2 protein chains.
Amino acid sequence: MKKGVVTIADVARHAGVSVSTVSYVLSGKRTISASTRARVHASIRALGFHPHAGARSLASNRSSVIALVLPLRQGMHLPVLMQFATAVVTSARSHHHDVLLVTADEGPAGLRRVAAGAMVDGLIVMDVEMDDPRVPTLRQLARPSVLIGLPADSAGLTCVDLDFHRAGAICVDHLADLGHREVALLGAPRVVYERDTGFAHRTRDGFLEAAARRGLVAFTEPCEEDAATVRATVDALLLKHPGLTGFVVHNEAAVAHVQAALPRDTSIVAICPDELAERFSPALSSVQIPAEELGRQAVDLLMTKLNGGEPASLTMLPPHLTVRASSGPH
Amino acid sequence: MKKGVVTIADVARHAGVSVSTVSYVLSGKRTISASTRARVHASIRALGFHPHAGARSLASNRSSVIALVLPLRQGMHLPVLMQFATAVVTSARSHHHDVLLVTADEGPAGLRRVAAGAMVDGLIVMDVEMDDPRVPTLRQLARPSVLIGLPADSAGLTCVDLDFHRAGAICVDHLADLGHREVALLGAPRVVYERDTGFAHRTRDGFLEAAARRGLVAFTEPCEEDAATVRATVDALLLKHPGLTGFVVHNEAAVAHVQAALPRDTSIVAICPDELAERFSPALSSVQIPAEELGRQAVDLLMTKLNGGEPASLTMLPPHLTVRASSGPH
DNA sequence: GGCGATTGTCGAAGCGCTTCGACAATGGTT
DNA sequence: AACCATTGTCGAAGCGCTTCGACAATCGCC
C-alpha cells in the first residue's frame, strides 16, 4: 500500500531515473533524450502524478499564481467586472497561471499579504483611482503589477485603461458628422471631478478638444445621479442654449434619467457598457467599456514583466463607437 | 545588507528565541508565555515578516486556499455570479482563507489540477447539473467540496441550493391568496427539462403540489426564449384556458417576452434575480436568487468539512418572495 | 586517434515552514 | 522532602520540489 500522494520520487523510481531528471522533463530546462522523456511521461500518467504547488513555489520561488484585485463597492457595473474577471482567468490559464481573487476592501494590507507571502507572482489591480492608497504599496512590493485605471503619478508603473480622451473625442466626431452644431457633455457627479478622478477629466478634455477642432459649440456639466437633479440640469442647459441638439453622457447611473429628460429629437451618445446601452429604448449609441480586452491586455503585460520584460508604462485601448438608435442626423 | 525576504529564522534571531517558538506563537498550537509572545510579535512587526505560503503548505499540508469554480457559459446572469463570488471571497477571508478562481470550462481536469496539486484545501463548485461530469471526479478527489445545485445522485456530497420546490409553491400561494383560480407555470426551454436539469423539475413539482393543495387549476409549459415562440405559447394557453389569470415564470431570458405577450390585467410572479425583476415596468413580483446567502453558506459548509465536521448533505435555502407591481388581486 | 564541446543524467543542497519528542523549570501534592 | 504534572522552550527531521555542479558518454574535427 502506497502513501496517499504521488511524489516526484515515485515517478523517478517508476521510470528508473533520478528525481532531477523527472524535474527537467517537466520544466524542459535541460535537454533530456526522447526515450527518457517518453518513459517519464508514461510513468507520470500511470501514477497520476501532480506536482505539489507549495513545494514547487518554495523551491523555485515562483507560484504560477497571479492576484486579481477587484473593487467591491456598489456602483461598479457587475457584469463588466465579471467579464473582466473571466477574461483574466482565461488569459492567465493560457500562460499556465492561476488566479487568486482578492477584494479591494482589504486595502493595501491585502496586497502585502498575498505578495509578501509569495502566494502570487504578480498582481492585477482593477479600478485604481488618482490618489489610490494602494499605489505606494504596489511600488514598494517586490512583485510586478499591472493597474487598470490611471493614478496621478504613473511613473514606474504599468497601467492599462480605455483611452477616455479619444472616447470623448469620437463621440463629438460622431455628432459633428451627423450635423449637430452645439453639443454638451454630461459627466460624473461633481465630487468625482473634485477628487480628481482620472477618467472623468480625460473624457472632458477629449470632448472639448474635439469640439474645438470641429468648430462646434460645446458645454460640459457634472451630472448627479438622481432623476430630479438630472432633469433640472438638462432643463437649465436647454433653456440657456436652445440650439443644443447633441449630448454625450459619461455616467452609467444617470444615463437613464438623461434619456427620459431629453426631447425625443435630440441625439445621445453614451460611454458605458454595451450591455447597458442595449437595454434602453431607443438603444443608445455608445462607446463600450472593453472589459475583455482590458483583462487580456493586463495579463499579457503582467506576463511580460514576469519574464523580465519592460512593457510600455501606459497602454491606452482605442475606443469603439457602436451606433444604435439614440443618435441621428440633425 | 540582508537578503530580500524575511524568514521565520530572522524573526527568531531578532526575538532571541528558536524558530519553533515563533511558529507556535503564530499557530497557537502550544502554550507560549505572554512575554515571549509579545517579544515575537514585536519582532514580526519590526521586520515585516510574512510567512511563505508555499513553505507553509508544504510543511503543513494545508494551503489555506479554496477553489471557486464558476460557469463561464452565456445565459448565466453575470451580476448574480459576481455577487456570489464576492460573498465567497468575503466569507472565506473571515475564515482566513483565500480564493482561487477557476472557470468551469477546464472541466474535471481543472478540478484535478488544483486539488491534486495541493493548491487548494477544498472546492466550491457553482452551477452543478444533474449529470455533471465533474461529480465523479469530485467524489474521488481527496479534498472536500461543496456544490451549488443538485446533481442526480447527491449521496456522499454536500450541496446547497435554493429550495426551488418551495419557491414554486410560494408563487402559487401568493397568486391563490390574491384570488386567482387558474394558474400556469412557464418554465425552462424544453431541452432543459429533457436533460433532467434539477431545478426546473423541482420548481414544477412544487408548483403543481401547491396548486393541488390550494385547489387551483394549474398548467405547466416549457418555455423557449425567443419572443415569437413565447408569444405563441402564451396565446395558445390563453385561448385554451380563458380563465387563466396568474402566471409563474421561471426563465430569466424569456420573462421579458412573457410580460410583453400577456394582457395587462394578468398577474406575473417570476423566479429570477432581484436585479432583473426591478428592471421591468411594472416591476415583477419575484422570488429572488439568493446569491450572497448561497456563497456564505457554501463557505461555511466547506469550512466545517475542512475542520473534520460532517455537515448536512443537502442544504435548501428558503425562498423569499418580494411583492412588486406585477401581481395583483383578481 | 586524440582532444575539446556537447549531450544526457545523477546526487545533493537547499527553499521556509510545521511538528514531534525531549527536557529544564516550575508548581502542587503527599 | 521527594514526587509527579504542567508549562514553556528548543533542536532536528522532514514536507516535495528545483537547480547547480559534476561527470560519463558521445560527437565532430584537425
Side-chain angles (χ1 to χ4, degrees), chain A residues 2-41 43-44 47-65 96 113 115-119 121 142, chain B residues 2-41 43-44 47-65 96 113 115-119 121 142:
Chain A
K2 297 276 173 132
K3 301 289 292 295
V5 284
V6 182
T7 75
I8 197 173
D10 298 328
V11 175
R13 209 169 307 123
H14 187 273
V17 298
S18 76
V19 165
S20 51
T21 299
V22 177
S23 179
Y24 285 124
V25 167
L26 254 25
S27 70
K29 293 195 177 172
R30 282 198 184 175
T31 46
I32 300 287
S33 69
S35 69
T36 304
R37 221 182 311 134
R39 210 145 22 89
V40 168
H41 274 131
S43 299
I44 287 177
L47 300 178
F49 169 67
H50 288 267
H52 189 291
R56 190 166 250 194
S57 119
L58 179 56
S60 70
N61 203 25
R62 268 173 290 111
S63 67
S64 293
V65 176
H96 306 290
R113 184 171 56 79
M119 294 195 95
D121 296 338
Chain B
K2 297 275 174 135
K3 302 288 290 298
V5 282
V6 182
T7 76
I8 198 174
D10 298 328
V11 175
R13 209 171 305 122
H14 187 273
V17 297
S18 75
V19 164
S20 51
T21 299
V22 176
S23 179
Y24 285 124
V25 167
L26 253 26
S27 71
K29 293 194 177 173
R30 282 198 185 174
T31 47
I32 298 287
S33 69
S35 69
T36 304
R37 221 180 313 131
R39 208 142 28 88
V40 168
H41 275 132
S43 299
I44 288 177
L47 301 179
F49 169 69
H50 287 267
H52 189 290
R56 191 168 250 196
S57 120
L58 179 57
S60 71
N61 203 25
R62 268 173 290 113
S63 68
S64 293
V65 176
H96 306 292
R113 184 172 55 81
M119 294 195 96
D121 297 336

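Bear in mind that the values here come from a model prediction, so they are computed numbers and not experimental data. Just so it is clear: chains get the letters A, B, ... in the order the sequence lines come, proteins before strands, and each one is counted from 1.
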Expressed in angstrom and rounded to an integer, what is the separation of [X] atom [atom1] from [N] atom [atom2]?
X	N	atom1	atom2	result
A:His52	C:dC17	NE2	P	15 Å
A:His50	D:dC17	NE2	C1'	16 Å
A:Arg39	C:dG8	CZ	P	14 Å
B:Ile8	C:dC15	CD1	P	15 Å

Residues in contact with DNA chain C, drawn from residues 21-29 of chain A - heavy-atom cutoff 4.0 Å:
A:Thr21, A:Tyr24

Short of 4.0 Å, heavy atom to strand atom, which residues of residues 58-65 of chain A count as contacting DNA chain C?
A:Leu58, A:Ala59

So, does the side chain of [X] form a donor-acceptor pair with the base of [N] at under 3.5 Å?
X	N	value
A:Ser18	C:dG11	no
A:Arg30	C:dT9	yes
B:Thr31	D:dG8	no

Nearest nucleotide by nearest heavy atom, which residue falls closer to the 5' end of DNA chain D, A:Phe49 or B:Ile32?
B:Ile32

Could you say whether A:Gly54 or B:Ser33 is positioned toward the 5' end of DNA chain D, judged by the nucleotide with the nearest heavy atom to each?
B:Ser33

Value rounded to 0.5 Å, distance of [atom1] in [X] from [atom2] in [Y]:
X	Y	atom1	atom2	answer
A:Arg56	A:Ser23	CZ	OG	7.5 Å
B:Thr31	B:Arg37	OG1	CZ	9.0 Å
B:Ser64	A:Met119	OG	CE	7.0 Å
A:Ser43	A:Ile8	OG	CD1	11.5 Å
A:Arg39	A:Thr36	CZ	OG1	5.0 Å

Does B:Val19 reach a base, just sugar-phosphate, or nothing at all? Heavy atoms under 4.0 Å.
base

For A:Ser20, which contact category applies under a 4.0 Å heavy-atom criterion: base, sugar-phosphate, or nothing?
base

Heavy-atom closest contact (B:Ser63 atom, B:Ser57 atom, distance):
CA-CB, 4.0 Å

B:Ile32 pairs by side chain to side chain contact (heavy atoms under 4.5 Å, CB included) with which of B:Thr21, B:Val22, B:Val40?
B:Thr21

Does C:dT9 have OP1 or OP2 under 4.0 Å away from a side-chain N or O of A:Thr36?
yes

Please examine the side chains of A:Leu26 and A:Ile44, heavy atoms only from C-beta on, and report whether any two atoms are closer than 4.5 Å.
yes

Evaluate the side chain to side chain contact (heavy atoms under 4.5 Å, CB included) criterion for residues B:Leu47 and B:His14: first the C-alpha distance (whole Å), next the side-chain angles of each, then the deciding distance (0.1 Å), finally the verdict.
CA-CA 9 Å; B:Leu47 301 179; B:His14 187 273; 3.8 Å; yes

